Amino acid sequence: MRWDVHYVEQTGSTNADVLALARAGVPPGTVLRAGHQTAGRGRLGRTWEAPVGSSLLASFLLPAEPVPFLAVARVALAAAGACRDLAGVDAALKWPNDLMVGERKLAGVLAEADGGSSTMVVGIGCNVAWPPLDERPPHLREGVTALSDLAASPPTAGEVLTGLLDRLEGWLLARPDEVLDAYRRVCATLGQPVRVELAGRALEGTATALTPSGELVVATGGTSVTVTAGDVVHLRASPPPPPG
Ligand code: BT5
């Protein structure tokens with residue numbers, strides 16, 4: 001993969017921008033990073049917010065995958081590797097798309113189809129250099145962390161992007177089973193008692209497995225339910241991720 005990295009001070013959403021670029025025919029490998037987003041997107045219509053200049057906010061145009069979860073997993077694994085190697089921060093993955101340190105969210109990944117069949121857009125927001133707690137938006141104080149909270153000399157957002165892209169090249173070459181096995185090893189959700197919030201209902205049980213399509217299997221009341229999309233609440237504090 002040849003990365004073609006572009007930077008803008010401010011935009012609405014880098015995912016929206018790269019989706020538009022994809023429709024205009026730019027090749028896979030196109031990357032857009034922003035210093036600030038005014039309409040950052042999360043999943044299911046939610047928003048991604050970050051103080052100006054505090055975060056890595058970037059989207060990648062990647063080859064489409066038959067299993068879209070694999071693209072999320074490749075980017076999440078590359079990001080976790082960059083945070084570990086550049087900041088000494090061990091993040092665990094919370095199914096399906098979060099990088100967590102304990103119960104605090106460090107980063108989130110969002111994959112979106114571009115309407116064509118050959119590419120897809122994957123974006124990441126990673127909190128890098130956040131202001132002191134009392135200067136953060138009140139609703140982003142609980143449950144949120146940044147590399148600057150965790151590392152004595154955190155890397156810059158640009159350094160995290162470079163480290164992520166270096167590692168993503170390797171993860172893009174990895175076979176699906178290798179990606180899923182690596183994801184399972186650092187996934188804090190597996191083995192946990194969880195509540196899965198689905199559209200209009202909630203399910204409680206134990207997360208037991210990740211299917212080859214990236215679905216979460218939850219054992220509940222003597223049966224197993226396979227969940228394709230939803231929000232997971234860990235009902236017990238996460239153990240630290242295994243080393244490596
Ligand atoms: C995600 O959604 O975690 C995917 C976030 C992807 C953001 C990137 S930034 C670059 C690219 N361009 C975009 O427009 N988006 C991508 P989800 O799992 O739905 O989580 C969203 C929830 O995370 C929100 O509802 C908040 O509760 C929380 N949140 C928002 N901003 C956060 C932050 N900076 N750090 C931690 N949590 C945050």
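Order of appearance sets the numbers: ligands from 1, and atoms from 1 within every ligand. Predicted model only: the values in this text are computed from it and were never measured.
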Review point. Which is closest to atom 1 (C) of ligand 1 by heavy-atom distance: L110, V18, N97?
Key: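 Selected option, by shortest heavy-atom distance: N97.
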Which of the atoms in ligand 1, numbered in the order shown and given with their element, are less than 4.0 Å from a heavy-atom of [X]?
X	answer
N127	33 (C), 34 (N), 35 (N), 36 (C)
G42	2 (O), 4 (C), 19 (O)
A58	10 (C)

Ligand 1 versus [X], non-hydrogen atoms closer than 4.0 Å: side chain, backbone, both, neither?
X	value
V109	backbone
T47	backbone
T14	both
R41	both
A107	neither

Practice item. Please determine if D231 has a nitrogen or oxygen closer than 3.5 Å to a nitrogen or oxygen of ligand 1. Key: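 No - when backbone and side-chain N and O of D231 are compared with those of ligand 1, no distance drops under 3.5 Å.
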**Study point:** W130-ligand 1 polar pair, N/O distance under 3.5 Å
**Key:**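 No; every N/O pair is 3.5 Å or more apart.
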Point to revise | With sequence neighbours excluded, residues passing side chain to side chain donor-acceptor pair (under 3.5 Å) with E215 | key: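 Residues passing side chain to side chain donor-acceptor pair (under 3.5 Å) with E215: T211.
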Practice item. Could you pull out all residues at least two apart from S148 that satisfy side chain to side chain donor-acceptor pair (under 3.5 Å)? Key: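 By the side chain to side chain donor-acceptor pair (under 3.5 Å) rule, S148 matches no residue at all.
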Check your understanding: Of R136, Q37, H139, which is the lone residue that meets side-chain contact (heavy atoms from CB on, under 4.5 Å) with E49?
Key ->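 Filter result, single survivor: H139.
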**Study point:** E142 atom CD, over 12 foreign heavy atoms within 6.0 Å
**Key:**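 Counting other residues, nucleotides and ligands, CD of E142 stays at 12 neighbours or fewer.
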Exercise for review: Evaluate the criterion side-chain contact (heavy atoms from CB on, under 4.5 Å) for residue pair L77 and L93; output intermediate values, then yes/no.
Suggested key: CA-CA 8 Å; L77 288 163; L93 303 183; 4.0 Å; yes
**Study point:** Check ion pair R167-D85 (N to O, under 4.0 angstrom)
**Key:**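 A salt bridge links R167 with D85.
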